[in-house]
Amino acid sequence: IVQESLTNVVRHAQATEVCIGLVNDETRLVLTVSDNGQGLAADLPSGGLGWVSMRERAMAFGGVFSVHNNPTLGTTVEVVLPLSSMQALEALS
């Protein structure tokens, strides 16, 4: 998800800065990738292949994928993953 987000920034955002955040609040992991680029075009379809792939990856772990857009402040991709699903995955391996 981080790699795909960074690829989108390079290809589309015309950003000069990207911030990647990862927070563990004991019940979930919250990943954010934010840029200071031009934001998303108003007529851009929300079902692009990269977004679909990132959404599916998040959902595979019981998570939620979202994109927050601000034409003057850039774009933020956010993925929230419940730690319970990750702990269950670890128990299987």
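Just so it is clear, the structure is predicted and the values come from calculations on it, not from any experiment. Computation of the quantities below employed the complete heavy-atom set of this structure, encompassing side-chain atoms and omitting hydrogens, waters and symmetry-equivalent molecules.
For the atom pair CG (Leu6) and CD1 (Ile1), the distance works out to 12.0 Å, reported to the nearest 0.5 Å. A distance of 11.0 Å separates CH2 of Trp51 from OG of Ser66, quoted to the nearest 0.5 Å. The structure places CG of Leu31 at 10.0 Å from CE of Met54, a figure rounded to the nearest 0.5 Å. Taking OG1 from Thr75 and CG from Asp35, the interatomic distance works out to 5.0 Å, rounded to the nearest 0.5 Å. Distance check: Leu81 CG to Leu22 CG gives 9.0 Å after rounding to the nearest 0.5 Å. Asp25 contributes atom CG, which lies 7.5 Å from atom CG of Leu83 (distance to the nearest 0.5 angstrom).
A chain of hydrophobic side-chain contacts below 4.5 Å, direct or via other Ile, Leu, Val, Met, Phe, Trp or Tyr residues, connects Val77 to Val18. When the side chains of ILVMFWY residues are joined at heavy-atom separations under 4.5 Å, either directly or via intervening members, Val9 and Val67 end up in a single hydrophobic cluster. When the side chains of ILVMFWY residues are joined at heavy-atom separations under 4.5 Å, either directly or via intervening members, Val79 and Phe61 end up in a single hydrophobic cluster.
In plain terms, the two heavy atoms of Leu40 and Asn69 that are nearest each other are N-OD1, 2.6 Å. The minimum heavy-atom distance linking Gly62 with Pro82 is given by the pair O-CD, 3.3 Å. Contact detail for Glu4 and Gly50: the closest heavy-atom pair is OE2-CA, 3.4 Å. A pairwise comparison of heavy atoms in Glu78 and His68 identifies OE1-NE2, 3.7 Å as the closest pair.
By the 4.5 Å heavy-atom criterion applied to side chains, Val64 and Arg28 are not counted as neighbours.
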